Engineer: 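I have a structure here, written as structure tokens, and I will follow up with some questions on it.
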There are 2 protein chains.
Amino acid sequence: MKFYKNEPLILLAVDCIIFGFNGESLQILLIKRGFEPEINHWSLMGGFVQPEESPEEAATRILKKLTGLENLYMEQSSIFGKPDREKYQRVVSITYFALIDTNQYQHILSDEYKAKWFPIDNYPELIFDHEEMIVSAKRLLRSKAAVYPILFELLPEKFTLPQISSLYEAVYTIDIDKRNFNRKLLSSKLLIKLNEKDKENSKKGAFYYTLNRDVYKERIMSFLRYLPSWSIQEQ
Amino acid sequence: MKFYKNEPLILLAVDCIIFGFNGESLQILLIKRGFEPEINHWSLMGGFVQPEESPEEAATRILKKLTGLENLYMEQSSIFGKPDREKYQRVVSITYFALIDTNQYQHILSDEYKAKWFPIDNYPELIFDHEEMIVSAKRLLRSKAAVYPILFELLPEKFTLPQISSLYEAVYTIDIDKRNFNRKLLSSKLLIKLNEKDKENSKKGAFYYTLNRDVYKERIMSFLRYLPSWSIQEQ
DNA sequence: GCAAAAGTGTTAACTATACACCCATGC
DNA sequence: GCATGGGTGTATAGTTAACACTTTTGC
């Protein structure tokens, strides 16, 4: 039994913004689009929501198909639905953003997948409103990361304090006082110090740390602090 | 010229969660649904996105039609898109939340509109996943309001300090120390003191304030503070 | 032995919190 | 004149921010 007989049907798409960190700079994964229209132009990874799947499942499926990536930190970001956002046909798109450590996923740069990493502030022209999608996702990443420690998703299993600093510096394009920042990190109880040093980047070597997954999950799950902090002055 | 010929078409709906504040408690606006299926059951205000409008425009149109409300503070909240979320047919729904001062909009309770206010913690059973939508919107309201002063949308043009406190107490279900809270409010530069008192609620009377719209807009527009505050411990 | 990056220590300024009292008014 | 809610003041603890120096090691 069907109702809504006179209501319009719409094409519903998902597009994925995949942020990566290579130890130095924040990057974004793009592909050469494999279907018309705009075939062979750079774009976000996207596809259509199918009848038997939720939008979230569609995003997961598409990511897997186009990059082989699975089990990512992924989050719904925004909706893009102006009637004329794609030139040819009306498509409403839901965007998702995902976070990965680029070094762990070199295989997505293989011939099988036509994906390529670009610096977040220097990527080719994209189809439709995909640039706007990136800008919006980046803003969300920043505000989420200011409250939840999600940026750890961008780091390898073992990481050093200097790596975390440069990650935050890359995401917010700021200079961080490492002395204060390290102290903050250590007092967060999120890190477990390992008895091992990364000697690649300095002579002295920096100790490796790993995430305390229990504390991490708690923090990610816990809601925002509920007391208003909006009275804080902007400088 | 059309592409995507083999892609599935989907019904795309919007549902609106309207929060109101009457000076005492946080409320939510529901209607008796006017169309099948589930006609005459309590539900959020909803409808379908039409070919020539964006989802946001659809939400605006539907709100106007069902309640007469216009020019509200409104924000995209989430997506509900499980294949079986409506029993009869596949519908993906985008939720929006809106904030209003209930006293200013008594007319929506007229016979013309079948809308009714309910306390946020005590409303009738709703169709489909609408309760989940409310829970999710309430969470978003709380987290947004912890960073941006959006709750002022729930207050009348002129309001008193005690009114703001009780609004925050209602939204977060906490007790607030009025002495500290007032100081925080006043130092925020968001308020302009008027030479007029509300004598309805006390003998002494409480001074009216009004929003400094310039400062308010700046705050609403400004992004989150960019430095990570996630190292803050939960108690 | 020196350059280069890692990491620790100290202080001052600011914010948040806890708590107690006076004020204005209607009855 | 007293009960009621409105509003101000202060002291303390905790957090952030600014700044300088020591450590380790490869060459």
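The structure presented is a predicted model; accordingly, all values stated were derived computationally and were not measured. Chain letters run A, B, ... following the sequence lines, proteins first, then strands; residues in each count from 1.
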Engineer: Rounding to an integer number of Å, can you tell me how far B:Asn201 CG sits from C:dT25 P?
Structural biologist: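 Rounding to the nearest Å, CG of B:Asn201 and P of C:dT25 are 16 Å apart.
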Engineer: Of all of residues 202-210 of chain B, which get a heavy atom below 4.0 angstrom from DNA chain C, listed by number?
Structural biologist: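 By residue number: B:Lys203, B:Lys204.
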Engineer: Can you name the side chain to side chain contact (heavy atoms under 4.5 Å, CB included) partners of B:Lys64, sequence neighbours left out?
Structural biologist: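 For B:Lys64 the side chain to side chain contact (heavy atoms under 4.5 Å, CB included) partners, ignoring immediate neighbours, are B:Glu70.
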Engineer: So, for A:Asn201 and A:Asp198, which heavy atoms are closest and what is the spacing to 0.1 Å?
Structural biologist: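 Between these two residues, the closest heavy atoms are ND2-OD2, 2.9 Å.
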Engineer: Just jot down the side chain to side chain donor-acceptor pair (under 3.5 Å) partners of A:Lys178, sequence neighbours excluded, or say none.
Structural biologist: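 Result, side chain to side chain donor-acceptor pair (under 3.5 Å) vs A:Lys178: A:Glu169.
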Engineer: Let me know the distance between CZ of B:Phe181 and C1' of C:dA16, rounded to the nearest Å.
Structural biologist: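 B:Phe181 atom CZ is separated from C:dA16 atom C1' by 14 Å.
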Engineer: In whole angstrom, give the distance that lies between atom CD1 of A:Ile176 and atom C1' of C:dA6.
Structural biologist: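 Distance check: A:Ile176 CD1 to C:dA6 C1' gives 16 Å.
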Engineer: Would you say the side chains of A:Tyr216 and A:Glu153 form a donor-acceptor pair under 3.5 Å?
Structural biologist: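 A:Glu153 and A:Tyr216 do have a side-chain donor-acceptor pair below 3.5 Å.
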Engineer: If you draw the axis of the six-membered ring of A:Phe80, does the NZ or CZ of A:Lys82 fall within 45° of it and under 6.0 Å from the ring centre?
Structural biologist: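 Verdict for A:Phe80: no cation-pi partner in A:Lys82.
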Engineer: Give the B/S/- string for nucleotides 8-13 of chain C, one per nucleotide from 5' to 3', where a protein heavy atom under 4.0 Å of the base yields B, of only the sugar-phosphate yields S, and otherwise -.
Structural biologist: BBB---
Engineer: Within this structure, what is the CD-to-P distance between A:Glu200 and D:dG26, rounded to whole angstrom?
Structural biologist: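 The answer, rounded to whole Å, is 13 Å.
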Engineer: For B:Arg213, which residues count as a side chain to side chain donor-acceptor pair (under 3.5 Å) partner, sequence neighbours excluded?
Structural biologist: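 None.
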Engineer: Here's a test for you: under ring pair (Phe, Tyr, Trp, His ring centres under 6.0 Å), which of B:Tyr209, B:Phe152, B:Phe21 qualifies with B:Phe159?
Structural biologist: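 Passing option: B:Phe152.
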Engineer: Keeping the roles fixed (side chain from B:Arg85, backbone from B:Phe128), state whether a donor-acceptor pair exists under 3.5 Å.
Structural biologist: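 Between the backbone of B:Phe128 and the side chain of B:Arg85 there is no qualifying donor-acceptor contact (under 3.5 Å).
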Engineer: Ignoring hydrogens and angles, tell me if any N or O in the side chain of A:His130 forms a donor-acceptor pair with the backbone of A:Ser43 under 3.5 Å.
Structural biologist: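 Checked: no pair found.
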Engineer: Dot-bracket for DNA chain C, please, read 5' to 3', with Watson-Crick or G-U wobble pairs under 3.5 Å on both distances, ( ) within the strand, [ ] crossing, | other strand, . unpaired.
Structural biologist: |||||||||||||||||||||||||||
Engineer: How many Å lie between CG on B:Asp198 and C1' on C:dA24, as a whole number?
Structural biologist: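 Atom CG in B:Asp198 sits about 14 Å away from atom C1' in C:dA24.
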Engineer: Can you tell me how far P of C:dA16 sits from CG of B:Leu185, to the nearest Å?
Structural biologist: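 My rounded result for the distance is 12 Å.
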Engineer: Between A:Leu126 and A:Ile134, is there a side-chain heavy-atom distance shorter than 4.5 Å?
Structural biologist: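 Yes, their side chains come closer than 4.5 Å.
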